[in-house]
Amino acid sequence: MEQTLYFILLLIALCSVSECVQRQYHFINVTKTWTEAQRYCRENYTDLATVDDMNDMNELNKSVNDGHVWIGLERTSVDKWQWSSGDPALYQNWGSGQPDGRDERCAIMRDGQWHDFPCSSSLTFICSSSNNTNTGLIFVNQGKNWREAQSYCRQNHTDLVSVRNQNESQQLQKFINESHLSGSRVWIGLFRDSWQWSDQSNSSFRYWKSDEPNNFQSNENCGEIFPNAQGQWNDISCDNQFPFVCHEDKLILIKEKLTWSEALRYCRQNHVDLVSVHSEEIQREVMNVVKQASTEAVWLGLRHSCTVGLWFWVSGQTVCYQNWAFDDSENCDSAVRSGAVQSGENQRWISRPETDRLNFICSRYEE
């Protein structure tokens, strides 16, 4: 059976990338304060709505009425650097003495390194694009402030460029050199703010209206969808009473300690399946879920076959997207290997004997 499955997978020549929303949204047309709405969502779903990217935002907008609507964004006392695309800023490449400005809340790249810079400055910028099969990078030779550059990239490409590791940093610098931009200041998608999602998600996606958030009268600490603004956001006092959007995660962490086969059986009996991670979007959701794990690694629906020497997802998808820290599955004289994700460090994949007892992640919905 396993060998047959592998032969089927080997016939698939191309890996398709699908737009997938990792959570379901539920519009609650009852007015509550932000805190009351948060409590309602936590009791009945997962939490007040988190938004990872424009796919999520478009899905959320399908369900809401055109009025003030709470989402799960609140202001905290801690500023942190984040990527416009929603990715956490794990890799850093600051220049000497950087960042150094209290009011410099956006980042540029110059000579291969990052510098904080006033967001209101007018600079050229680099977008990422899923349609550019060469580098995925687009230089825009127009002077815009950071927010305008972000809007331009989202409307015309994907987003302002993210630099998530050393390899992407080197690719970006090569692109800058080949575009004859050496020494120039260009916007990248890095910014800092003090907003946090109610579910403690790492998502740094923001969709503010122009000139928002402005913290009017120093009392606007919650985020809402603003009326007649194409789904864009506004900061406002948390004491207002509005309808709200809850989300229900597609993935759920099970804190029982089971072998891989036991975890697979549990997910199929109680939910849908052990999770398959076939895109960066799903990996980002996994990264949020595993933070609460009680074991050093967490089972995925990833299995190795010594017969043909390949990994496969139990859901039937081809293993196209990969996020390995290390893979020792070629040692087929040892125990059967299954795939897990680290719950600490960078949440990378590792190969573990299937008899290990770990927490695991189930998927709640069909692909």
Side-chain angles (χ1 to χ4, degrees), residues 16-30 34 37-38 40-42 44-74 82-88 128-131 150-151 153-159 162 195-209 222-234 242-252 271-273 275-289 315 317 321 361-367:
S16 61
V17 179
S18 60
E19 292 186 355
C20 52
V21 177
Q22 293 312 307
R23 52 180 60 92
Q24 289 192 345
Y25 293 106
H26 304 270
F27 176 61
I28 311 300
N29 196 15
V30 177
W34 190 93
Q38 179 190 56
Y40 179 96
C41 290
R42 288 178 172 178
N44 294 279
Y45 298 99
T46 299
D47 214 316
L48 263 173
T50 293
V51 181
D52 278 342
D53 51 34
M54 281 305 301
N55 290 335
D56 278 0
M57 197 64 235
N58 292 334
E59 190 70 18
L60 188 155
N61 280 331
K62 293 176 183 178
S63 65
V64 302
N65 293 342
D66 188 16
H68 296 272
V69 177
W70 289 130
I71 57 174
L73 202 59
E74 62 179 330
Q82 310 179 79
W83 290 108
S84 172
S85 62
D87 294 305
S128 62
S129 174
S130 58
N131 296 323
Q150 180 192 52
S151 296
C153 289
R154 288 177 173 175
Q155 291 171 7
N156 295 282
H157 303 290
T158 301
D159 212 319
S162 296
W195 291 85
Q196 175 67 54
W197 293 104
S198 175
D199 67 353
Q200 306 300 301
S201 164
N202 286 330
S203 173
S204 58
F205 180 79
R206 305 290 184 265
Y207 196 47
W208 298 110
K209 282 177 73 257
C222 291
E224 63 154 356
I225 298 174
F226 194 75
N228 303 313
Q230 292 77 50
Q232 291 182 306
W233 307 343
N234 172 56
F242 300 142
F244 51 97
V245 181
C246 305
H247 78 256
E248 188 173 17
D249 282 339
K250 178 177 179 178
L251 308 183
I252 181 171
H271 299 286
V272 173
D273 213 336
V275 63
S276 296
V277 186
H278 50 85
S279 70
E280 289 187 24
E281 290 78 12
I282 300 178
Q283 173 64 19
R284 187 161 58 232
E285 186 72 9
V286 165
M287 290 170 69
N288 288 327
V289 170
S315 61
Q317 288 130 335
Y321 172 78
I361 301 173
C362 297
S363 175
R364 286 171 156 167
Y365 304 109
E366 297 284 356
E367 293 291 337

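All of these numbers come straight from a predicted model, not from anything done at the bench.
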Exercise. How many angstroms lie between SG in C222 and CG in N234, if you round to the nearest 0.5 Å?
Worked result: 11.5 Å
For this session: Kindly compute the distance separating CE (M57) from CD1 (I71), expressed to the nearest 0.5 Å.
Result: 6.5 Å
Exercise. Hey, is the main chain of W83 close enough, under 3.5 Å, to the side chain of S204 for a donor-acceptor pair?
Worked result: yes
Exercise. Rounded to the nearest 0.5 Å, what separation is found between the CD atom of E74 and the CD atom of Q38?
Worked result: 6.0 Å
Problem set entry | For W197 against S203, the heavy-atom pair lying closest together | NE1-O, 2.9 Å
Exercise. How long is the span from the CE atom in M54 to the CD atom in Q155, to the nearest 0.5 Å?
Worked result: 9.0 Å
Exercise. Does the side chain of R206 reach to within under 4.5 Å of the side chain of Q82, using non-hydrogen atoms?
Worked result: yes
Problem set entry | Side-chain touch F226/Q232, heavy atoms, less than 4.5 angstrom | no
Seminar exercise, completed: The single option from T50, D47, N288 that satisfies side-chain hydrogen bond (donor to acceptor under 3.5 Å, both in side chains) with S201 is N288
Seminar exercise, completed: When every non-hydrogen atom of N29 is compared with those of P243, the smallest separation belongs to OD1-CG, 3.8 Å
Exercise. Within a strict 4.5 Å, meaning less than it, do heavy atoms of the L73 and W208 side chains meet?
Worked result: yes
For this session: Taking the side chain as every heavy atom from C-beta outward, state whether H247 and V245 have any atom pair closer than 4.5 Å.
Result: no
Exercise. Is there side-chain contact between N228 and D66, with at least one heavy-atom pair below 4.5 Å?
Worked result: yes
Exercise. Got a sec, which residues hit ring pair (Phe, Tyr, Trp, His ring centres under 6.0 Å) with F242, two or more places apart in sequence or on another chain?
Worked result: H68, W70
Exercise. Do T46 and I252 come within less than 4.5 Å of each other through their side chains, counting heavy atoms only?
Worked result: no
Exercise. Does any non-hydrogen side-chain atom of I28 lie less than 4.5 Å from one of N44?
Worked result: no
Exercise. CZ/R284 to CE/M287 distance, rounded to the nearest 0.5 angstrom?
Worked result: 9.0 Å
Problem set entry | Distance-only side-chain donor-acceptor flag, D273 / S363, under 3.5 Å | no
Exercise. Is there a donor-acceptor contact under 3.5 Å from the side chain of S63 to the main chain of H26?
Worked result: no
Problem set entry | Within the 6.0 Å centroid threshold, strictly below: W195 and W233 | no
Exercise. Does the side chain of I225 come within less than 4.5 Å of Y207's, by heavy atoms?
Worked result: no
For this session: Apply side-chain contact (heavy atoms from CB on, under 4.5 Å) to Q24 and R364, showing your working.
Result: CA-CA 10 Å; Q24 289 192 345; R364 286 171 156 167; over 6 Å; no
Seminar exercise, completed: Of all heavy-atom pairs linking S128 and H157, the shortest is O-CB, 3.4 Å
Exercise. W34 and G72: which non-hydrogen atoms are nearest, and at how many Å?
Worked result: CZ2-C, 3.9 Å
Problem set entry | Closest contact, heavy atoms only, F244 versus F27 | O-CD1, 3.5 Å
Exercise. Between S84 and D159, does any side-chain donor sit less than 3.5 Å from a side-chain acceptor?
Worked result: yes
Exercise. Of the non-hydrogen atoms in V277 and I282, which two are nearest, and what is the gap between them?
Worked result: CA-CG2, 4.0 Å
